[in-house]
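Here the structure is laid out as structure tokens; the discussion comes afterwards.
Numbered from 1 within each chain, the chains take letters A, B, ... in sequence-line order.
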There are 2 protein chains.
Amino acid sequence: MNIGTVAERSGLTAKTIRYYEDIGLVKPLRDANGYRAFQDKELHKLIFLSRARALGFTIEDCRSLLALYEDETRASADVKRIAKEQLMQIEQKVAALGAMHDTLSHLVKECAGDDRPDCPILEGLGRG
Amino acid sequence: MNIGTVAERSGLTAKTIRYYEDIGLVKPLRDANGYRAFQDKELHKLIFLSRARALGFTIEDCRSLLALYEDETRASADVKRIAKEQLMQIEQKVAALGAMHDTLSHLVKECAGDDRPDCPILEGLGRG
DNA sequence: CCTTGACCTTCCCCTTACTGGAACCCCCAT
DNA sequence: ATGGGGGTTCCAGTAAGGGGAAGGTCAAGG
């Protein structure tokens with residue numbers, strides 16, 4: 001499989017896949033013409049990466065998860081620990097965004113939004 | 001006021017303030033010795049920036065908001081439009097994080113988290 | 001056989017919003 | 001004069017790729 005094919009099947013872009021090779025996440029073989037030749041195993045790893053990234057894992061998380069994914073003797077506890085840390089980070093982000101949302105929606109609600117220069121949003125931001 | 005003082009009062013770091021000068025958000029005067037000399041107006045702009053960034057506005061949003069902040073004749077509608085866009089972006093991020101959270105917490109719940117190699121999290125990520 | 005267009009390669013710069021560090025200058029107190 | 005705690009500039013790096021140039025390759029059509 002060429003890079004275009006695995007890109008389509010994994011949902012990643014060719015650029016991203018080349019980047020993942022650069023940083024050592026995948027190691028495709030090469031054809032005589034220099035084209036990357038992906039085998040099923042590499043494709044599965046890319047699909048794995050695509051999903052893990054979509055769930056918010058960092059590249060370094062993915063590197064750890066991939067090592068566990070490839071290690072048939074891993075303990076599920078190792079995976080669960082990484083996943084739970086990621087869950088907590090997601091929860092923290094949601095909480096932070098929620099606080100932003102509350103403050104901002106309050107300001108927006110107060111603002112007339114007309115032609116007058118009077119603006120509670122700017123006042124709220126500038127108030128010492 | 002030197003940069004250390006405004007850093008403390010605005011809640012930004014000196015590094016960040018120098019960066020904001022670099023990209024043209026503030027334009028402090030200079031003392032004879034080359035030190036930045038901040039006046040109250042610049043301090044207020046930095047406080048404004050600190051709050052707006054904390055609410056998730058991008059630097060470019062802040063640039064627009066700051067221009068409106070300084071324009072005594074601005075229409076509140078302009079500010080409200082920017083703020084509402086930001087609100088929508090926050091809502092989208094919350095929704096995306098919520099979806100991640102649901103999927104991941106489901107996987108975590110399924111996982112025994114013991115010494116056995118059997119791991120539903122990895123299975124969930126690798127499943128085609 | 002030649003060309004055209006789609007695909008592939010490497011390489012380098014760009015992005016966001018800073019942060020860290022090196023090397024150096026300045027001011028005040030001892 | 002010296003030590004410490006300011007300040008200054010500039011260079012490099014971060015996460016995770018995206019954009020685009022310059023060029024090699026392949027398959028189909030005329």
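Look at Thr16(B) and you'll find a side-chain N or O under 4.0 angstrom from OP1 or OP2 of dT19(C). Side-chain nitrogen and oxygen atoms of Arg18(A) include none within less than 4.0 Å of the OP1 or OP2 phosphate oxygen of dC8(C).
When the P atom of dC8(C) is taken as reference, atom CD1 of Ile3(A) falls 7 Å away, rounded to whole Å. The separation between Tyr19(A) atom OH and dT9(C) atom P is 18 Å, rounded to whole Å. Between the P atom of dT19(C) and the CD1 atom of Ile23(B) lies a distance of 12 Å, rounded to the nearest Å. Separating the OH atom of Tyr20(B) from the P atom of dC18(C) is a distance of 4 Å, rounded to the nearest angstrom.
Using a 4.5 Å cut-off on side-chain heavy atoms (C-beta onward), Ile23(B) and Arg63(B) make contact. A heavy-atom distance below 4.5 Å is found between the side chains of Ile47(A) and Leu43(A). Inter-residue side-chain proximity for Ile17(B) and Ser10(B) is flagged as met; some heavy-atom pair is nearer than 4.5 Å. You'll find the side chain of Phe57(B) reaches within 4.5 Å of the side chain of Leu104(A), heavy atoms only. By the 4.5 Å heavy-atom criterion applied to side chains, Thr5(B) and Phe38(B) are not counted as neighbours.
Asp31(A) contributes no side-chain N or O that, together with a main-chain N or O of Asn33(A), makes up a donor-acceptor pair within less than 3.5 Å. Put simply, the side chain of Asp22(A) never gets that close to the backbone of Tyr19(A): no donor and acceptor are under 3.5 Å apart. In terms of modelled atom types and a separation under 3.5 Å, the side chain of Ser50(B) and the main chain of Leu46(B) share no donor-acceptor contact. Checked by atom type and distance alone, the side chain of Asp61(A) pairs as donor or acceptor with a backbone atom of Thr58(A) at under 3.5 Å. Looking only at distances, a side-chain donor or acceptor of Asp114(A) sits under 3.5 Å from a matching main-chain atom of Arg116(A). Between the Ser76(A) side chain and the Gly113(B) main chain, a donor and an acceptor come within less than 3.5 Å of each other. Checked by atom type and distance alone, the side chain of Arg74(A) pairs as donor or acceptor with a backbone atom of Pro117(B) at under 3.5 Å.
Using five terminal pairs a side, the axes of the helix from dC1(C)-dG30(D) to dT30(C)-dA1(D) at its two ends make an angle of 30°, given in steps of 10 degrees.
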Return the polar atom pairs (N/O with N/O) between nucleotides 21-29 of chain C and the protein under 3.5 Å, or none.
unit_1	atom_1	unit_2	atom_2	d
dG21(C)	O6	Lys15(B)	NZ	2.4

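In the hydrophobic cluster analysis, where Ile, Leu, Val, Met, Phe, Trp and Tyr join through side-chain heavy atoms closer than 4.5 angstrom, Ile59(B) is grouped together with Leu12(B).
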N/O donor-acceptor pairs under 3.5 Å from side chains in residues 83-92 of chain B, not counting sequence neighbours:
unit_1	atom_1	unit_2	atom_2	d
Gln86(B)	NE2	Leu55(B)	O	3.3
Gln86(B)	NE2	Gly56(B)	O	3.0
Glu91(B)	OE2	His101(A)	NE2	2.7

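Residues of residues 55-67 of chain A having a heavy atom closer than 4.0 Å to DNA chain D, listed by number: Thr58(A), Ile59(A). Heavy-atom distances under 4.0 Å link DNA chain D to no residue of residues 82-98 of chain A.
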Assess the residue pair Glu21(B) and Arg18(B) against the criterion (salt bridge (charged side-chain N to carboxylate O under 4.0 Å, His left out)); give the C-alpha distance rounded to whole Å, side-chain angles, the decisive distance to 0.1 Å, and a yes or no.
CA-CA 5 Å; Glu21(B) 183 185 9; Arg18(B) 290 193 194 101; over 6 Å; no
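Ionic pairing of Glu70(A) and Lys27(A) is not present here: no N-O contact between side-chain nitrogen and carboxylate oxygen is shorter than 4.0 angstrom.
If you walk DNA chain D from 5' to 3' and mark each nucleotide with an atom closer than 4.0 Å to a heavy atom of chain B, the marks span dG6(D) to dC10(D).
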